[in-house]
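Below is the structure I would like to discuss, written out as structure tokens.
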Amino acid sequence: MSLRALWIISHEKGEHASIRFSRRFATVELRAKRLSGSSYVAVPEDDCFLQLLLTELGLSGSKQAFVAQRDDCLYRPRSPALELHITAPVKGTLWPVLAISQAHLTLACLPLVDASPGQRPPLSSLLSESQGLSFLAGLQTFLLAPGSKQDGEGLVSRLALLPSVLLQKQPAWRTGLYRGRAVVNVSVVETVRSMQYGNRSRQDLWDVYGTVACKCEVEGVLPNVTVTLSLPPNGSPLQDILVHPCVTSLDSSVLTASSVEHWDGSAFSGPYKFPFSPPLEPFILCSYTSQVPVPPILGSYQLKEEESQLHVSVVLKLHESVKNSFEYCDAHLPFYNRDQMGVVEVKVSSGQLDVSKEKNLLVWALGQKFPKTREVTMEGKILFSGPEPGPSEPLCTGLTAYIKLYFKVPDTTLSGCSVDQHSVQVYSSAKPRIVTSRELHSKDYWIWNSTAFSLPHNHKHKSPP
Amino acid sequence: MASGLVEKVSAFCRSPSRFLFGTSSEVFLAELLRELRDDRANYTVKVLLLSPLCEYPALLCPSDSVGEETALELMSIFTQSPPKFVQFRSQLLVALTCVLTCSSDVSGRLRAFPDFLDLLLQLAQDTSDLHGDAAPRSLRATACDCLREMEALYPGLLSQRLELLGGLRHQETSRLHQAYAGLQALVLRNAVYQLTQEKEAGAARLRALLGGNESVECEADQNAGPASGKDSAPLSSVILGPMGTVPTLHTGPDCKELRSALSSLLEESYLFTPLSQAALLYRLTEVVAMVPAIPPTIFRAQLLRLLGTSEVTLLHTTLLMKSAFTDSLFSSEDEAFLFKRLVVLSQHPLLSTPEKLFYMDCILHFPENRPISCGDSDEALPVLLTPRLASALLPVVFNDSATLLSRFNLLSLVYLEAGEEEDGRGLEYLYEHLTSLLRIVESGGRRENVVTFFRAAFLFLFHFHHVERYCDNLSQQLCQLYLQHTRFAPHLINLADRTQEKLPDSSWALGLLKALQRVISETPISQTTLPDLRWHLKVLTRAAEEGEISQHGTLRFLSGIIPPSSSSLSSSGDWRLGNGILGVCRRLLVHPSLESMFIPLADILQHVAGHYGDTDIRDHARLYYTLLTTLSREKLATVLAHHAEGGQQVKKRTLSCLMTEGEGLTSILTIHETEVAIIRLIEADCEQLEAEDLVQDEAERGEPVLETYRAQFSSAAFASQVTLKFLLTHTETRDARFDQLFSIRLHFSLTDDHYSELQDLSVPCLFRERPPPVVTLTLKPREPYPSSLHVSAIFTTQDGLTWHTTLPDIRVCFQQIFLPLPAPPSWGRAGRQAVFAGLWEEMSSETGECASSLFCCQLEEKALSALVEKHFLPFLVSDPSHKDEFRALLFLPPQSHVLLKISSEEDAVHFRLATDNWELLPHINDYLLKITAS
């Protein structure tokens, strides 16, 4: 992989931006110069680069309504490869600048384009693009590793480490030898997302995806481990499987099922074997998606405007196939574009109800268990008579409103996918201790008010802005 | 000392150009090298000091000779550095690679190149660390990386070492084998490429390279010797070759050696990190593409592993293999599978957004086994992308903007391909989606939502401008949106501009502007706020640019807002609003249907000229009124068109013209910018500072001279200034407009903090034919270092226009800061000599900031006298007639001294130096080099 330059930029929503680290690679730059001949555009100095990048990312001049250079409606693919238009000392276009952002940190690099000058090749024909993306993702993981909260000291110390890290090659994935008691830890974590409208004209949606995380503490230079995932009989096959590069071989049938085509019932449904040689650190062995016939919790949310009050009615049903033993289960009911809540006369059949400090959110803590009927309800009236207006949100105007569910169920998966302790094979002298676990949690689990006229137009679900 | 240098290094890396204003690259390089040589310095700091050489070698070593010297210097530092400082030694190798490759302008190589190459090869082979600790291993890894960079820059450099590299990789068990493999693969690819360029190269030559045939090696070694200077340019990717042709090497079926080398590399590939793996696989793909005798199926065993990967770069490699080998590696079933995989990946919940967007791009440019079109057009959709498959990528309102637009574009292409213009469900979905975005914008979306909506709208129009029922509806919706949020006027105008530009055959933009004009003119004035009104005028101005749009509605609207009775808006005399109104009028004056609007427009202008609350606006309106009523149509068009053009240029630069939009008259009020430098400052031949006639000294002084001398500095202003004289002249560019300049105000700005801020200077006039005026610049140094000053000037020309211009920077040279010893005037030579002696003694002790040094050069005695006379006379402390030793004292404000004892010794002339500011040494050294060389 050849990069011409690399930048690490920190900013707070475009404000107080500064380059925390930058590096240019002279030999690569020389190659770029020779390869592109007369169309060569030199890498600008840091200040100039920063300003151009922020503009291109739409992060600068946030107070101005329309800035032609930033807000032009002409469509061109901007991400992940940006164009920067340099005006001084020589006019030119710097391409392809790869940039990825997370929270307050933006990482950018300029990979070498090893094509002959002339017409710009498509992004997909340049290996350096995907390499650049991989590199930036790795760097991001390093900089934002757990333990380094936001802009704290963690980041500073990691930035200080960078020059020495960049000196060396990216470490091969097994950087040393483990000595000690052999332990293999495999955990399956499934995430369920849902969008429920309670409306005939609009289909409810839900999906499930899972990751299998491993931590393998085993001896040997190149230890061999095999993890097998299995499904219950009649389980629907695991789809869209992606594996970690340390997996040494794959059976072609493992990859056959995909979410973008209809399952004809004959697809391979396990067991899924993944032989691999593990790195020392914890890693995601594989990930998958799954199609389950019903959402774990089915909800109905109805709001009615009655004079100055809002009538609220909620029903949540836990599906019988789901284990009724939560670590937590909370329902959040935010109210936007209204005044603060004044009088709240709402009853719940189970759990505990709280009004948030800001008086724009109801928090319904359902606790560890649904009642035997597996159904809970909320009914009542809210008067929005608070002294101050609450927050605004362009999606939730009029009666458009939602409930967001947060829950976690230990020791279960919706797809039924599991790793049997005895199916984990480790080819090494000492017999390792094997720990397996699984859990299910929710993310982006929305239940929309079914009486609203304008629901957000939607197909699959993603988190709202 | 080191910490100061560390700061300098970071200042340099932040902005080399700014840093080098204040000093020269030679001085900085010398400083760096000196510190690097210093054994006592901290090695962690030294690593940092190498970064300028690694990042900007060409700036620091601008010529071959400097590069050569620097490289030799670094090599000797490498040899002397203790082996335990692995990190420093590694970085030193990187710096050497950069200096040796980048400092030479042409692609020729420096003389130190072969020695360094030998050193790297030697390091790469040094496996003495195998049983020891792992630290030196990283030095080997760096050596490999350096070799790889050099091979990439000079393809074929290591062709003759292939066997050696293969062997090294084979025996390596640590993770270093990855570095060897990367190097080997690159060298192999370059070697094979070179063979394809040679006539009659075949299996034998290939085998010789891989097997390392002795005789061939010797011969080739001579060829590849650095003396030959025959360097090939770096190679671009072989697979991406122009016109899609791949150079080929015909070997016949017999290439066992190559095949086994490839297999052994492939077998180990799974042990590498994804990035290295991808690079390796790509190089090998190139090799196999060039050698038809090797079947692409050699990659088969790797494919399944690669197709299942979560790593973007590994899957991409597979795609590039597909592009290179098409159906000789991928059956149509494989192809369908790979394509489906891409669709899955471009919406996989566990991948990052940039990765997903990248996969979308891969879908659009999917290398099909049998492409239907010739593949020239950029975005010919692959046939495999059916509407059904694409439905997985439908945009949703919760997508981030980039994803949303990318999907919107993709789906538009799909539906266009599927001929969905009439009652297609897909198209309906897209339009509904656009409407949802509009709803969000309507109910107060953020700036990003707004921009995204307008981009999506443009995409929709771009692809489906011929589907009237949607486009008409969109116009209506946009008008509604505008009435609710007039601040979107610039977005709407931008949308109209772009659609007109990209779809010249479509009349949609015209329709939109017409509709906007209608809704604006139908709005009751009483409900219009001042900001609304400003935006309305903007939109109307844009609509008035269209000859095909009837302007009666606009006129009605204007007449409506003018009478003070209807609203207080126009009588308020708001200057910006007035300009808005005049802006519309200006456009109307050049509108093709002016005839039919003559009377109402004249009425409006007359009314504004008579009643508007702002004098400036009234004046302008009167001018327009006069133009309208007295000039013929043609003349009016020419006058205003001319103004518009001039105005356009100015508009870019001036605030006041932003308001008036192309109002020509404002050019008088505007400060114009010259395109090139018109004037400059050149150094005046300053009369030599006279050596003062000294009072023949009175008797011995009782008082301690140094103390008396120093007491003078208790006054802060004492001897703190340096005066420089310049001539202000025209530059060579001749432009008659600028022959006579008046009221020139010169502004100086500092490029560093060595000097105090400078006052502006005024010069009454500058005529080309008259002698140039002298400008006296008084500098007050904080630190006596050379510097540059940015100079700009504002002046007036004869026609009354005001101009701003930038002058070439002026350089403050080191010798310009020299002053003679500021001794009390009553002192004679003896007193000065006593100060000299006292200072010399102090400085020779080398305590604190003090330092002493020796500079030698070859000079005839006569030449030496001449040199002293020319450069040091004003500063001499000793009697000029004493030729055996000259003593000179250079005073540099505010309080630095450089003392010189110049004498001819047996072998050379010695300049013995002492100073109380060691940082001056490099500058004085440069100065002495300069004056003794000439």
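Order of the sequence lines sets the chain letters (A, B, ...), proteins ahead of strands, with each chain counted from 1.
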Does any heavy atom of chain A fall under 4.5 Å from the side chain of B/Tyr359, the backbone, both, or neither of them?
-> neither
Among B/Arg388, B/Arg487, B/Glu448, which residue forms the greatest number of heavy-atom pairs with chain A at distances under 4.5 Å?
->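 Most heavy-atom pairs within the cutoff with chain A belong to B/Arg388.
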Quick one: of A/Ile241, A/Thr256, A/Asn337, A/Ile100, who has the most non-hydrogen atom pairs under 4.5 Å with chain B?
->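 Most pairs with chain B among the choices: A/Ile241.
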Point-to-point distance, once rounded to the nearest 0.5 Å, from CZ of A/Phe25 to SG of B/Cys102 |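 Result: 13.0 Å between the selected atoms.
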Using a cut-off of under 4.5 Å for heavy-atom pairs, which of B/Ser401, B/Pro490, B/Gly308, B/Ala278 has the most such pairs with chain A?
->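 The candidate making the most pairs under 4.5 Å is B/Gly308.
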Which heavy atom in A/Ser125 sits nearest to a heavy atom in B/Leu320, and how many Å separate them?
-> O-CD2, 3.6 Å
Nearest non-hydrogen partners of A/Val260 and B/Ala392, listed with the distance | CG1-CB, 3.7 Å
Do the non-hydrogen side-chain atoms of B/Gln347 and A/Ser259 ever get within less than 4.5 Å of each other?
-> yes
Heavy-atom distance under 4.5 Å to chain B: side chain of A/Leu127, backbone, both or neither?
-> both
Nearest-0.5 Å distance, CG of residue A/Leu74 to CZ of residue B/Arg498 |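 These two atoms lie 5.0 Å from each other.
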Any side-chain heavy atom of A/Gln102 within less than 4.5 Å of one from B/Ser352?
->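 A/Gln102 does not reach B/Ser352 side chain to side chain.
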List the steps, then state whether side-chain contact (heavy atoms from CB on, under 4.5 Å) holds for B/Thr309 with A/Leu242.
-> CA-CA 5 Å; B/Thr309 189; A/Leu242 301 181; over 6 Å; no
Side chains of B/Arg447 and A/Arg70: does their closest heavy-atom pair fall under 4.5 Å?
-> yes
So do the side chains of A/Gln131 and B/Val312 get within less than 4.5 Å of each other, counting heavy atoms only?
-> no
Distance-minimising heavy-atom pair for B/Phe454 and A/Cys73 | O-CB, 3.7 Å
For B/Phe358 and A/Leu123, which heavy atoms make the closest approach, and how far apart are they?
-> CE1-O, 4.1 Å
Measuring from B/Leu304:CG to A/Leu255:CG, what's the distance to the nearest 0.5 Å?
->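 B/Leu304 CG to A/Leu255 CG: 5.5 Å, rounded to 0.5 Å.
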Nearest 0.5 Å, what's the CZ-OG distance between A/Phe283 and B/Ser310?
->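 Between atom CZ of A/Phe283 and atom OG of B/Ser310 there are 10.5 Å.
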Flag the pair A/Asp47 and B/Arg18 as a salt bridge only when some basic side-chain nitrogen lies within less than 4.0 angstrom of an acidic carboxylate oxygen.
-> yes
Non-hydrogen atoms of chain A under 4.5 Å away: do they reach the side chain of B/Leu459, the backbone, both or neither?
->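 For B/Leu459, the contact with chain A is made by the side chain alone.
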A/Ser130 and side chain to side chain donor-acceptor pair (under 3.5 Å): which partner among B/His316, B/Glu355, B/Glu311?
->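 Checked B/His316, B/Glu355, B/Glu311 against A/Ser130; only one passes side chain to side chain donor-acceptor pair (under 3.5 Å): B/His316.
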At what distance, to the nearest 0.5 angstrom, does OG of A/Ser252 lie from CG of B/Leu303?
->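 Spacing of OG (A/Ser252) from CG (B/Leu303) equals 12.0 Å.
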With only heavy atoms counted, which part of B/Ile440 is less than 4.5 Å from chain A, the side chain, the backbone, both or neither?
-> both
Between A/Asp46, A/Leu133, A/Asp71, A/Leu250, the one whose heavy-atom pairs under 4.5 Å with chain B are most numerous =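 Answer, by heavy-atom pair count under 4.5 Å with chain B: A/Asp71.
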Worked check of side-chain contact (heavy atoms from CB on, under 4.5 Å) between A/Leu222 and B/Leu271 | CA-CA 9 Å; A/Leu222 197 63; B/Leu271 293 170; 3.5 Å; yes
Part of B/Leu351 lying under 4.5 Å from any heavy atom of chain A =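 For B/Leu351, side-chain heavy atoms alone lie under 4.5 Å from chain A.
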Heavy-atom pair count under 4.5 Å with chain A, highest-scoring of B/His491, B/Arg305, B/Arg14 |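 Most pairs with chain A among the choices: B/His491.
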Does B/Asp361 reach the main-chain N or O of A/Ser124 with its side chain, forming a donor-acceptor pair under 3.5 Å?
-> yes
Side-chain contact test, heavy atoms from C-beta onward, threshold under 4.5 Å: evaluate it for B/Pro354 versus A/Leu98 and give yes or no.
-> no
In plain terms, say whether B/Glu149 and A/Arg31 are close enough for a salt bridge, that is, a side-chain N and a carboxylate O under 4.0 Å apart.
-> yes
Strictly by modelled atom types, are B/Thr313 and A/Ser134 linked by a side-chain donor-acceptor pair under 3.5 Å?
-> no
Nearest non-hydrogen partners of B/Ser443 and A/Thr397, listed with the distance =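 The answer is CB-CG2, 3.5 Å.
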Side chain, backbone, both or neither: which part of B/Cys54 has a heavy atom under 4.5 Å from chain A?
->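 Backbone only.
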Does a side-chain heavy-atom distance below 4.5 Å link A/Arg34 with B/Leu153?
-> yes
Where does B/Leu357 contact chain A at under 4.5 Å (heavy atoms): side chain, backbone, both or neither?
-> both
Whatever's closer than 4.5 Å to a heavy atom in chain A on B/Leu393 counts as neither
Tell me, for A/Val113 versus chain B, whether the close heavy atoms (under 4.5 Å) come from the side chain, the backbone, both or neither.
->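 For A/Val113, no heavy atom lies under 4.5 Å from chain B.
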Is chain A contacted by the side chain of B/Cys144, its backbone, both, or neither, given a heavy-atom distance below 4.5 Å?
->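 Nothing of B/Cys144, per the 4.5 Å heavy-atom cut-off to chain A.
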Which region of B/Leu495, side chain (C-beta onward) or backbone (N, CA, C, O), has a non-hydrogen atom less than 4.5 Å from a non-hydrogen atom of chain A, or is it both or neither?
->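 Both parts, heavy atoms under 4.5 Å.
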Selection from B/Ser15, B/Cys362, B/Ala456 maximising heavy-atom pairs under 4.5 Å formed with chain A =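 The candidate making the most pairs under 4.5 Å is B/Ser15.
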What part of A/Val247 lies closer than 4.5 angstrom to a heavy atom of chain B: side chain, backbone, both or neither?
->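 Contact with chain B: backbone only.
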Side chain, backbone, both or neither: which part of A/Asp251 has a heavy atom under 4.5 Å from chain B?
->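 For A/Asp251, backbone heavy atoms alone lie under 4.5 Å from chain B.
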State whether A/Asp72 and B/Arg455 are salt-bridged, where the test is any N-O pair (Lys NZ or Arg NE/NH1/NH2 against Asp/Glu carboxylate O) under 4.0 Å.
-> no
How far apart are the closest heavy atoms of B/Pro234 and A/Leu35, and which atoms are they?
->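 B/Pro234 and A/Leu35 have their closest heavy atoms at O-CD2, 3.5 Å.
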Which bit of B/Ala402 comes within less than 4.5 Å of chain A, counting heavy atoms only: side chain, backbone, both or neither?
-> side chain
Pair count under 4.5 Å, heavy atoms only, with chain A: among B/Ala58, B/Ala152, B/Ser323, highest is B/Ala152
How many angstroms lie between CG in A/Leu395 and CG in B/Asn449, if you round to the nearest 0.5 Å?
-> 8.0 Å
Counting only heavy atoms closer than 4.5 Å, note whether A/Thr211 contacts chain B via side chain, backbone, both or neither.
->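 Just its side chain gets close to chain B.
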Evaluation steps, side-chain contact (heavy atoms from CB on, under 4.5 Å), between B/Val451 and A/Phe66 = CA-CA 9 Å; B/Val451 174; A/Phe66 183 83; over 6 Å; no
B/Ser17 side chain near A/Glu45 side chain, heavy-atom distance below 4.5 Å =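 Yes. Closest side-chain heavy atoms under 4.5 Å.
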Please look at B/Pro16 and chain A and tell me whether the side chain, the backbone, both or neither of the residue comes under 4.5 angstrom of a heavy atom of that chain.
-> both
